[in-house]
Undergrad: 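Questions regarding the structure given below will be posed in turn.
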Amino acid sequence: MTTLLPLYVHPLVDPDAWQAVAAAGPNVTAIVNVHDGPGEMIDEAYLDATALLQAAHVPMLGYVDLGYLQRSENAITRDLTAWRRYPVDGVFFDQAPTDRTALAAVARHAGRAGGMVVLNPGTRPHRDYAQLADLICTFEGPWRSHRRLFDAPDWPNAAHLIYGVPAAELADAHARLAHLAAGGLVSDLDLPLPYCGVPSWLRTAAVSR
């Protein structure tokens, strides 16, 4: 199972979070988000932090916001090009659309990713989207909602991003995710910033190594 970790905390704000991801090595795929994407300028702190993860063999995906295709094609293309500044291995496309009419546009952007492609509509889209990505996030939300929505295994390349899991239920949530999906995240971090840091289980694992 692929552990997808949206790592949306600045390396200078929480360097220990980045060290914990480095300690996990290839067991975690980190989603890097400089400033709602790669940002306008190179961030030296991110050059150092992504070099740290690269040396630890952590796969990295650059964050690109599709904005449900409300963003212009030029803006999305600029983001894809700008991620070449950093050693990412693919792209995490957030706010992906779900309707069939947008398939061609999403396929075009996915084809420019130059590596691993993860789509995140946050819900189950038209079934033809599954063929456009290595992983597709068919769920993003709190643990209480996940327990209500899913009882049977999802699509073969589905991923679920689950946050707000009580510490006492982390083991159950991990087991449930492994049964239902090919990848995703279980985190005890919660709204309003569930990805501004790393889950407690990852920090604990880093300390024990």
Side-chain angles (χ1 to χ4, degrees), residues 1-39 42-65 79 83 85-95 116 118-120 122 135 137 139-147 159-178 181 183-209:
M1 191 187 81
T2 301
T3 297
L4 290 174
L5 180 68
L7 186 57
Y8 299 170
V9 63
H10 196 279
L12 298 182
V13 172
D14 191 353
D16 288 346
W18 287 76
Q19 290 288 346
V21 176
N27 294 320
V28 168
T29 296
I31 301 163
V32 181
N33 188 359
V34 177
H35 189 269
D36 293 329
I42 293 175
D43 187 321
E44 295 292 336
Y46 271 93
L47 285 178
D48 293 341
T50 54
L52 171 72
L53 298 194
Q54 184 182 40
H57 307 290
V58 176
M60 287 176 280
L61 304 175
Y63 177 97
V64 173
D65 183 11
D79 280 358
W83 274 117
R85 307 166 183 159
Y86 301 98
V88 298
D89 305 289
V91 175
F92 177 86
F93 290 102
D94 199 16
Q95 299 197 101
M116 184 178 183
V118 177
L119 293 177
N120 182 29
L135 288 172
C137 298
F139 175 87
E140 180 179 14
W143 171 232
R144 62 182 180 276
S145 297
H146 189 268
R147 288 182 299 178
H160 299 170
L161 301 176
I162 311 165
Y163 51 76
V165 181
E169 298 177 39
L170 284 169
D172 289 342
H174 274 114
R176 180 176 168 82
L177 177 62
L185 175 71
V186 167
S187 178
D188 50 350
L189 300 182
D190 207 347
L191 295 173
L193 298 171
Y195 307 130
C196 191
V198 297
S200 63
W201 58 263
L202 188 60
R203 291 186 190 268
T204 300
V207 170
S208 65
R209 285 187 173 90

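The figures that follow rest on heavy atoms only: side chains count, while hydrogens, waters and symmetry mates do not.
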Undergrad: When you measure from the side chain of D172 to the backbone of E169, do you find a donor-acceptor pair of N or O atoms at a distance under 3.5 Å?
TA: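 Flag not set: sc D172 to bb E169 has no pair under 3.5 Å.
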Undergrad: Test side chain to side chain contact (heavy atoms under 4.5 Å, CB included) on T50 and V32 and set out the steps.
TA: CA-CA 8 Å; T50 54; V32 181; 4.2 Å; yes
Undergrad: Assess whether side chain to side chain contact (heavy atoms under 4.5 Å, CB included) is satisfied between L189 and Y195, documenting all intermediate values.
TA: CA-CA 7 Å; L189 300 182; Y195 307 130; over 6 Å; no
Undergrad: Looking at every heavy atom in both V165 and A173, which two are closest together, and how far apart are they?
TA: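 Closest heavy-atom pair between V165 and A173: CG1-CB, 3.8 Å.
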Undergrad: Are any non-hydrogen side-chain atoms of L185 and P6 less than 4.5 angstrom apart?
TA: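 Yes - at least one pair of side-chain heavy atoms lies under 4.5 Å apart.
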Undergrad: Just wondering, do Y86 and Y46 contact through their side chains at under 4.5 Å, heavy atoms?
TA: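 Yes, their side chains come closer than 4.5 Å.
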Undergrad: Return yes if a side-chain donor-acceptor contact under 3.5 Å exists between H10 and D43, otherwise no.
TA: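 Per modelled atom types, H10 and D43 side chains form a pair under 3.5 Å.
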Undergrad: Decide yes or no on ring pair (Phe, Tyr, Trp, His ring centres under 6.0 Å) for W83 and F92, but give the supporting numbers first.
TA: CA-CA 11 Å; W83 274 117; F92 177 86; over 10 Å; no
Undergrad: From C137 SG over to D94 CG, what is the distance, rounded to the nearest 0.5 angstrom?
TA: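 One gets 8.5 Å once the value is rounded to the nearest 0.5 Å.
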Undergrad: Give the minimum heavy-atom separation between A45 and P11, together with the two atoms involved.
TA: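 Smallest interatomic distance, heavy atoms only, reads O-CG, 3.9 Å.
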Undergrad: May I ask you to decide if P194's main-chain N or O and D190's side chain share a donor-acceptor pair within less than 3.5 Å?
TA: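 Checking the backbone N and O of P194 against the side chain of D190, no donor-acceptor pair under 3.5 Å is found.
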Undergrad: Quick check against the 3.5 Å criterion: does D89 have a side-chain atom that pairs as donor or acceptor with the backbone of M60?
TA: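 Checking the backbone N and O of M60 against the side chain of D89, a donor-acceptor pair under 3.5 Å is found.
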Undergrad: What about Y8 and Y63, are their ring centers closer than 6.0 Å?
TA: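 Here the rings of Y63 and Y8 have centres that are less than 6.0 Å from each other.
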Undergrad: Kindly compute the distance separating CG (D36) from CG (D79), expressed to the nearest 0.5 Å.
TA: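 Output value for this atom pair is 9.5 Å.
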Undergrad: Would you name the heavy atoms of G197 and D14 that are closest together and state the gap between them?
TA: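 In terms of heavy atoms, the two residues are closest at CA-OD2, 4.4 Å.
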Undergrad: Under the criterion side chain to side chain contact (heavy atoms under 4.5 Å, CB included), I'd like the reasoning laid out for M1 against T3: C-alpha separation, chi angles, the key distance, then a yes or no.
TA: CA-CA 6 Å; M1 191 187 81; T3 297; 4.3 Å; yes
Undergrad: How long is the straight-line distance from CG of L61 back to CG of N33, given to the nearest 0.5 Å?
TA: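 If we round to the nearest 0.5 Å, N33:CG and L61:CG are 12.0 Å apart.
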Undergrad: Could you walk me through whether I31 and L5 pass the side chain to side chain contact (heavy atoms under 4.5 Å, CB included) test, one step at a time?
TA: CA-CA 6 Å; I31 301 163; L5 180 68; over 6 Å; no
Undergrad: Are V64 and V91 side-chain neighbours, meaning at least one heavy-atom pair lies under 4.5 Å?
TA: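 Counting from C-beta outward, V64 and V91 do come under 4.5 Å.
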Undergrad: Is any side-chain heavy atom of I42 closer than 4.5 Å to one of L47?
TA: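 Result yes, sub-4.5 Å side-chain heavy-atom pair found.
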Undergrad: What is the minimum heavy-atom distance between G164 and W143, and which atoms define it?
TA: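 Heavy atoms of G164 and W143 come nearest at O-CB, 3.9 Å.
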Undergrad: L161 versus F139: any side-chain heavy-atom pair under 4.5 Å?
TA: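 L161 does not reach F139 side chain to side chain.
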Undergrad: Between D188 (side chain) and S200 (backbone), is there a donor-acceptor pair under 3.5 Å?
TA: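 Yes; at least one donor-acceptor contact below 3.5 Å.
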Undergrad: Which heavy-atom pair separates V34 from G39 by the least distance, and what is that distance?
TA: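 Scanning both residues completely, I find the closest heavy atoms to be CB-N, 4.4 Å.
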Undergrad: Do R176 side-chain atoms and H146 backbone N/O form a donor-acceptor pair below 3.5 Å?
TA: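 Yes, the answer is positive, given that a donor and an acceptor are paired below the 3.5 Å cut-off.
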Undergrad: Please examine the side chains of V58 and T29, heavy atoms only from C-beta on, and report whether any two atoms are closer than 4.5 Å.
TA: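 Side-chain contact under 4.5 Å: no.
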Undergrad: For the residue pair P59 and M116, establish whether any side-chain heavy-atom pair is separated by less than 4.5 Å.
TA: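 No, too far: nothing below the 4.5 Å cut-off.
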Undergrad: Indicate the atoms forming the closest heavy-atom contact of L170 with S187, along with that distance.
TA: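 The answer is CD2-C, 4.4 Å.
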Undergrad: Quick one: does E140's side chain get under 4.5 Å of H160's, heavy atoms only?
TA: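 Heavy-atom side-chain distance check fails, nothing below 4.5 Å.
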